[in-house]
There are 2 protein chains.
Amino acid sequence: MEKNLKSRATINRMQQKGLELFYQKGYYRTSLDDILKALELSKGAFYYHFQSKEDFMISIVQHLLFRKVYSMLIEPIEGKENPFQSIELCLENALETAEHNPMDFGFVLGNFMSEFNGRNDQISSYLNDITRVWEVSLVTALQKGKSDGYLERHHDSEGIASYIMASYFGIRTLMVGGNPRMLRYQYMQQLRTYFKGMSLKSTF
Amino acid sequence: MEKNLKSRATINRMQQKGLELFYQKGYYRTSLDDILKALELSKGAFYYHFQSKEDFMISIVQHLLFRKVYSMLIEPIEGKENPFQSIELCLENALETAEHNPMDFGFVLGNFMSEFNGRNDQISSYLNDITRVWEVSLVTALQKGKSDGYLERHHDSEGIASYIMASYFGIRTLMVGGNPRMLRYQYMQQLRTYFKGMSLKSTF
DNA sequence: GATAAAACAGACCTGCCGGTCGCTTTACCC
DNA sequence: GGGTAAAGCGACCGGCAGGTCTGTTTTATC
């Protein structure tokens, strides 16, 4: 294998397993040895590719985590006609995936945010960047919805976006300890009620 | 001072400072030495009163944390007439307190839930107990609201309660990294919109 | 003021964690 | 196929964490 390719492959394996274990056990409770043992790699290999555990985490956030959030929550609503319908479908899918995941520990982004908030400003900052991209995507969809006549102009797109995000963050936390199936159903039902009150064209 | 009283006083000081630091830095990142140093107490004192760090945390959850959640989120809505109005006011107050707290790290209960979910079943269980008490209180208020003609009977009280809780969990997470003042305003605005769609007697 | 229990002090143990460093192996190039 | 740099190895280090244990101080009781 080409050297550069091998390097990238190793880095990728480390990031993948790192995200997996950090998500499962939390960043601070997961040691590098845990990750390296699972990959059958050594400390030397790790510190050849990364400067520190923190640097490693940042690379995971910026690459893997961002892509994960993007493909799951942002991309599915980009450029769609009806914002309410597309957001609803997108969240429904996200919750369904979580529900059927026997190893679900909540919303990755949300977990990391509460783990790093106030503890590590740099990582928090990168996590907030992702949140902001999601927010922008929701606001854009809602604004477009106004142009296309799905939503009255007087509504606050930013406010709606924040509310949607907050509710999703929260329901994912609740789903871990509660009945995921029921909570997903209840959540979608209430989200529809919420949307219905603002929607012009009744597609419900 | 009477012995038993002194014991209780020390235990209380430990729990208070423990909750404070666990909230600020997280449970796993806070060492017993951190807590004991802040209190000018020794390991001997700690292990005289508690069996382990975990035992200590459980006592904090069951006593301090429960009371905190109860007085802030449950008691204010108990026995009130208009459920929407009382819930709205209660959450408004909670968010305002958070907003003006320069050392805000999010919703205590939510942070602990995402820290312990999947890592420590026992503590998670106690945290979920608190969540459930909150849920029951919301459902009760909503059911009473149906009797008193504030809410149509066909609405799903449990679903509404879950949705309210989820949104609060989430907005508190977002407030740490974002603009708390704006987020609080947006949240309350959207909560009112959500309630408005279900409310019979228009008190808004 | 002697006594016994309660309350606390703090040195110490063991294990782990992030990080270092000198060395070996692997892959490419001429 | 020997040289060279990338890639990887793993023993080791210092620090700190939870927890133990022995000894000391405080407090109530007689």
Side-chain angles (χ1 to χ4, degrees), chain A residues 1-61 63 112 115-116 119-123, chain B residues 1-61 63 112 115-116 119-123:
Chain A
M1 201 190 313
E2 195 190 328
K3 272 192 209 166
N4 194 25
L5 275 184
K6 180 169 189 186
S7 175
R8 283 179 184 279
T10 305
I11 288 176
N12 234 285
R13 280 202 326 138
M14 286 180 178
Q15 290 174 331
Q16 211 86 35
K17 184 59 75 177
L19 178 57
E20 184 187 328
L21 295 186
F22 287 156
Y23 170 60
Q24 281 178 25
K25 313 205 306 168
Y27 174 78
Y28 292 112
R29 289 308 275 182
T30 304
S31 70
L32 296 180
D33 284 326
D34 288 340
I35 300 167
L36 294 169
K37 193 176 177 184
L39 295 170
E40 293 185 330
L41 282 172
S42 66
K43 278 274 176 70
F46 181 87
Y47 281 94
Y48 177 76
H49 293 290
F50 300 99
Q51 288 177 17
S52 64
K53 190 185 180 186
E54 188 182 19
D55 174 55
F56 178 54
M57 181 63 187
I58 291 172
S59 82
I60 290 177
V61 171
H63 297 105
F112 285 147
E115 186 168 11
F116 291 110
R119 276 82 129 180
N120 187 314
D121 291 339
Q122 197 180 358
I123 296 182
Chain B
M1 200 189 317
E2 195 190 326
K3 272 193 212 166
N4 195 24
L5 276 185
K6 180 169 188 184
S7 175
R8 283 180 183 278
T10 305
I11 288 176
N12 233 285
R13 282 204 322 139
M14 286 180 178
Q15 291 174 330
Q16 210 85 36
K17 183 61 74 176
L19 177 57
E20 184 188 327
L21 294 186
F22 286 157
Y23 170 59
Q24 282 177 25
K25 312 205 305 168
Y27 173 79
Y28 292 112
R29 288 310 272 182
T30 304
S31 70
L32 296 180
D33 284 326
D34 288 340
I35 300 167
L36 296 170
K37 194 177 178 184
L39 294 170
E40 292 184 332
L41 282 171
S42 66
K43 276 276 174 69
F46 182 87
Y47 282 96
Y48 176 76
H49 293 290
F50 299 99
Q51 289 177 17
S52 64
K53 190 185 179 187
E54 187 181 18
D55 174 55
F56 177 54
M57 180 64 188
I58 291 172
S59 81
I60 289 177
V61 171
H63 297 105
F112 284 147
E115 187 168 9
F116 291 109
R119 277 82 131 180
N120 187 314
D121 291 340
Q122 198 181 358
I123 297 182

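All of these numbers come straight from a predicted model, not from anything done at the bench. Each chain gets a letter, A, B and so on, in the order the sequences are listed, and its residues count up from 1.
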Protein-nucleic acid N or O pairs under 3.5 Å, nucleotides 8-11 of chain D:
residue: D:dG8; atom: OP1; partner: A:Thr10; partner atom: OG1; Å: 2.8
residue: D:dG8; atom: OP2; partner: A:His49; partner atom: NE2; Å: 2.6
residue: D:dC9; atom: OP2; partner: A:Ser42; partner atom: N; Å: 3.0
residue: D:dC9; atom: OP2; partner: A:Ser42; partner atom: OG; Å: 3.2
residue: D:dG10; atom: O6; partner: A:Gly44; partner atom: N; Å: 2.9

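- In this structure, CZ of A:Arg8 is placed 15 Å from P of D:dA6, rounded to the nearest angstrom.
- A cation-pi arrangement is present between B:Lys53 and B:Tyr27 under the rule of less than 6.0 angstrom and at most 45 degrees off the ring axis.
- Taking the side chain as every heavy atom from C-beta outward, A:Arg29 and B:Arg119 never approach each other to under 4.5 Å.
- Using a 4.5 Å cut-off on side-chain heavy atoms (C-beta onward), A:Lys17 and A:Leu36 make no contact.
- When distances run from any side-chain atom of B:Ser52 to the nucleotides D:dG19, C:dG18, D:dG18, the shortest one goes to D:dG19.
- Here D:dG15 presents its C1' atom at 14 Å from CG of B:Asp34, a figure rounded to the nearest Å.
- Atoms CD1 (A:Ile11) and P (D:dA6) sit 13 Å apart, rounded to a whole Å.
- Nearest heavy atom pair, residue A:Phe56 against residue A:Met14, reads CZ-O, 3.2 Å.
- Taking atom CZ of B:Phe46 as the reference point, atom P of C:dC8 lies 13 Å away to the nearest angstrom.
- The residue among A:Arg29 and A:Gln51 whose nearest nucleotide of DNA chain C lies closer to the 5′ end is A:Arg29.
- Residues B:Tyr28 and B:Phe116 place their aromatic rings such that the two centres sit under 6.0 Å apart.
- Only one option out of B:Ile123, B:Thr30, B:Asn120 pairs with B:Met57 in a side-chain contact (heavy atoms from CB on, under 4.5 Å); it is B:Ile123.
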